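Note that this is a predicted model, so its numbers are computed, not measured. Below, read A as the first sequence line, B as the second, and so on, with proteins coming before strands; counting in each chain starts at 1.
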2 protein chains.
Amino acid sequence: MDSKNLDLVFSALSDATRRGILASLASGERTVHELTSDFDISQPAVSRHLRVLDSAGLVRREKRGRETIVTAATETAAEAAHWLTHYVDFWTAHFDQMDVILTKQRERPDGR
Amino acid sequence: MDSKNLDLVFSALSDATRRGILASLASGERTVHELTSDFDISQPAVSRHLRVLDSAGLVRREKRGRETIVTAATETAAEAAHWLTHYVDFWTAHFDQMDVILTKQRERPDGR
DNA sequence: CGAATCCATAACAAAATGGTTATGGATTTT
DNA sequence: AAAATCCATAACCATTTTGTTATGGATTCG
């Protein structure tokens with residue numbers, strides 16, 4: 001997952017409607033038509049949200065007859081979650097170190 | 001973490017410069033001036049990125065004399081990571097179920 | 001005290017975002 | 001075959017974003 005992909009993934013996740021689409025895909029695949037009736041926006045608006053999610057690798061679209069079937073692509077979200085968790089761990093580790101240092105200073109205020 | 005906060009957090013994380021700022025804060029606090037020399041953009045641009053990160057709750061700013069000290073706020077990123085992980089788990093669970101169903105169908109193609 | 005430094009905000013321009021309606025291709029239904 | 005359905009794209013508009021330069025307040029340095 002490179003920087004450009006992270007841009008796309010986090011940007012895609014920054015919209016409540018798109019997160020809602022992903023949430024509704026948890027219960028299984030949905031057509032564009034079904035998604036349009038789930039959310040109170042026009043069909044073209046749904047199509048554009050899906051293109052954003054698709055570009056980010058967060059959903060897959062597949063033509064089936066005249067319908068388009070949408071499914072969640074778990075791996076990409078998992079990668080983004082790992083990235084975020086990695087940073088949190090990284091920060092936390094350093095904060096723990098800082099805490100150790102500060103504790104030592106408190107124990108020996110003369111700096112020995 | 002409500003929907004509006006998720007908007008702010010993911011939107012803040014969708015910019016490579018802001019992720020870079022967060023990364024550089026892993027090694028400890030930095031002043032706005034230091035961050036400005038780290039990244040090849042103007043000081044006002046850095047200030048605005050910091051305001052975005054601050055609004056999302058991803059950093060804290062503290063005036064110290066004429067300097068502004070910036071530190072990472074781990075908790076918020078952790079919450080976003082948890083949100084994302086939760087969804088991944090949720091999806092994965094359903095996909096696993098689907099997989100079970102599909103496997104059973106493969107084992108008994110007559111649908112018994 | 002005067003000069004320099006640190007930083008936030010305002011004003012502006014360019015680009016991206018998210019909604020709409022209009023349209024048309026492909027497929028299914030009748 | 002004609003009508004209806006599903007969906008993508010184009011065109012348009014309002015809003016937001018991200019960079020810039022200009023400016024000024026607060027603090028520190030000499």
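- In this structure, Glu62(B) CD and Glu29(B) CD are separated by 7.5 Å, a value rounded to the nearest 0.5 Å.
- Protein atom CG of Asp7(B) is 15 Å distant from nucleotide atom P of dT17(C), rounded to whole Å.
- Rounding to whole angstrom units, CG of residue Asp15(A) and P of dT15(D) are separated by 17 Å.
- Distances shorter than 4.0 Å separate some side-chain N or O of Thr68(B) from OP1 or OP2 on dA8(C).
- One can place CD1 of Ile41(B) at 8 Å from C1' of dG19(D), the figure rounded to the nearest angstrom.
- In this structure, the side chains of Arg18(B) and Leu58(B) stay at 4.5 Å or more apart for every pair of heavy atoms.
- Atom CG of Asp40(A) is separated from atom C1' of dT20(C) by 13 Å (rounded to the nearest Å).
- If you check the side chains of Arg19(B) and Ser3(A), you find a donor sitting under 3.5 Å from an acceptor.
- Which of dG19(D), dA8(D), dC6(D) sits closest to the side chain of Thr17(B) comes down to dG19(D).
- Each of Arg66(B) and Val46(B) was matched to the nucleotide of DNA chain C holding its nearest heavy atom; the match closer to the 5' end belongs to Arg66(B).
- In this structure, Gln43(A) reaches the bases: a heavy-atom distance under 4.0 Å links it to at least one base atom across the strands shown.
- Between His33(B) atom NE2 and dT28(D) atom P there is a gap of 16 Å when expressed in whole angstrom units.
- Protein atom CZ of Arg61(A) is 10 Å distant from nucleotide atom C1' of dC7(D), rounded to whole Å.
- A close approach under 4.0 Å does occur between a side-chain nitrogen or oxygen of His49(A) and OP1 or OP2 of dG19(C).
- As a whole-Å value, the separation of Ile21(B) CD1 from dT18(D) P is 11 Å.
- Position along DNA chain C of the nearest nucleotide to Ala45(A) versus Arg64(A) favours Ala45(A) as the more 5'-ward residue.
- The side chain of Ser42(A) has dT21(C) as its nearest neighbour among dT17(C), dC7(C), dT21(C).
- Just one residue in the list Thr71(B), Asp38(B), Thr68(B), Thr36(B) forms a side-chain hydrogen bond (donor to acceptor under 3.5 Å, both in side chains) with Arg30(B), and that residue is Asp38(B).
- When heavy atoms are screened at a 4.0 angstrom cut-off, Thr31(A) is found touching the sugar-phosphate backbone but no base atom.
- Nearer to the 5' terminus of DNA chain D, by closest-nucleotide assignment, is the contact made by Ile69(A) (compared with the other of Ile69(A) and Arg48(A)).
- Phosphate contact (OP1/OP2 of dC7(D), side-chain N/O of Thr36(A), threshold under 4.0 Å): absent.
- One interatomic measurement links the two molecules: CG of Leu53(B) to C1' of dT18(D), which rounds to 14 Å at whole-angstrom precision.
- Proximity of Pro44(B) to Arg48(B): side-chain heavy atoms (C-beta onward) are nowhere separated by under 4.5 Å.
- Counting any heavy atom pair closer than 4.0 Å across all strands shown, Arg18(B) reaches sugar-phosphate atoms only and no base atom.
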